[in-house]
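Everything below concerns the one structure shown next.
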Amino acid sequence: MLSKECKGKIIKEFAKSEKDSGSCEVQVAVLSNRINQIAEHLKSFPKDNSSRFGLVKLVGKRRTFYNYLKKNDKGCYLGLVKKLKEKGYI
């Protein structure tokens, strides 16, 4: 699980305004961080199928947010992907 401090840091980096904690950009960043954590866990425990199932669900949820951003705000989508790559979340 993400610690409260780590999640707060991610929200602060990707938020559009001071009180923004639920925009697509923030949710994608939080999901990407969680996906990376589960992927690292699965490297150590490859037979943990329940975590693998959770990982697949999170990837699908992140894909839904990506598709929404790509459809509605192409510039925001491209900027988000670039920023996520710079920060090492992707």
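Computed from a predicted structure; not experimentally measured. Only this structure's heavy atoms are used, side chains among them; waters, hydrogens and symmetry mates stay out.
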Open item on the list: Test your reading of the model: is there a side-chain donor-acceptor pair from K83 to the backbone of E13, 3.5 Å cut-off?
Closed with: yes
TODO: Just do the side chain to side chain contact (heavy atoms under 4.5 Å, CB included) check on Y66 and V81 with the steps written out, would you?
DONE: CA-CA 9 Å; Y66 276 150; V81 171; 4.3 Å; yes
Task: L42, I35, N36 screened by side-chain contact (heavy atoms from CB on, under 4.5 Å) with I38, the one that passes - done: L42
- [ ] May I ask you to check whether S50 and D48 show a side-chain donor-acceptor distance below 3.5 Å?
- [x] yes
Task: Derivation and outcome, side chain to side chain contact (heavy atoms under 4.5 Å, CB included), residues R34 and Q37 - done: CA-CA 5 Å; R34 184 73 181 123; Q37 285 182 345; 3.2 Å; yes
Task: Cluster overlap F14 with L78, hydrophobic side-chain contacts below 4.5 Å - done: yes
- [ ] Drop me the distance from K61's NZ to K57's NZ, to the nearest 0.5 angstrom.
- [x] 8.0 Å
TODO: Output every pair passing ring pair (Phe, Tyr, Trp, His ring centres under 6.0 Å) with a member in residues 20-45, not counting sequence neighbours, ordered by first then second residue.
DONE: H41-F45
TODO: Nearest 0.5 Å please: distance from the CG atom of N49 over to the CG atom of L55.
DONE: 12.0 Å
In a table with atom names and distances, give each donor-acceptor pair under 3.5 Å that connects a side chain of residues 18-28 to protein atoms at least two apart or in another chain.
{"unit_1": "D20", "atom_1": "OD1", "unit_2": "G22", "atom_2": "N", "d": "3.4"}
{"unit_1": "D20", "atom_1": "OD1", "unit_2": "S23", "atom_2": "N", "d": "3.2"}
{"unit_1": "D20", "atom_1": "OD2", "unit_2": "K16", "atom_2": "N", "d": "2.9"}
{"unit_1": "D20", "atom_1": "OD2", "unit_2": "S23", "atom_2": "OG", "d": "2.9"}
{"unit_1": "S23", "atom_1": "OG", "unit_2": "E25", "atom_2": "OE1", "d": "3.3"}
{"unit_1": "Q27", "atom_1": "NE2", "unit_2": "G22", "atom_2": "O", "d": "2.5"}

- [ ] Check salt bridge (charged side-chain N to carboxylate O under 4.0 Å, His left out) between K85 and all other residues, then give those that pass, not counting sequence neighbours.
- [x] none
Task: Backbone N/O of P46 and side chain of R52: donor-acceptor pair under 3.5 Å - done: yes
TODO: Apply side chain to side chain contact (heavy atoms under 4.5 Å, CB included) to the pair R62 and L58, showing each step before the final yes or no.
DONE: CA-CA 6 Å; R62 183 177 68 176; L58 289 176; over 6 Å; no
TODO: Ignoring hydrogens and angles, tell me if any N or O in the side chain of D73 forms a donor-acceptor pair with the backbone of L69 under 3.5 Å.
DONE: no
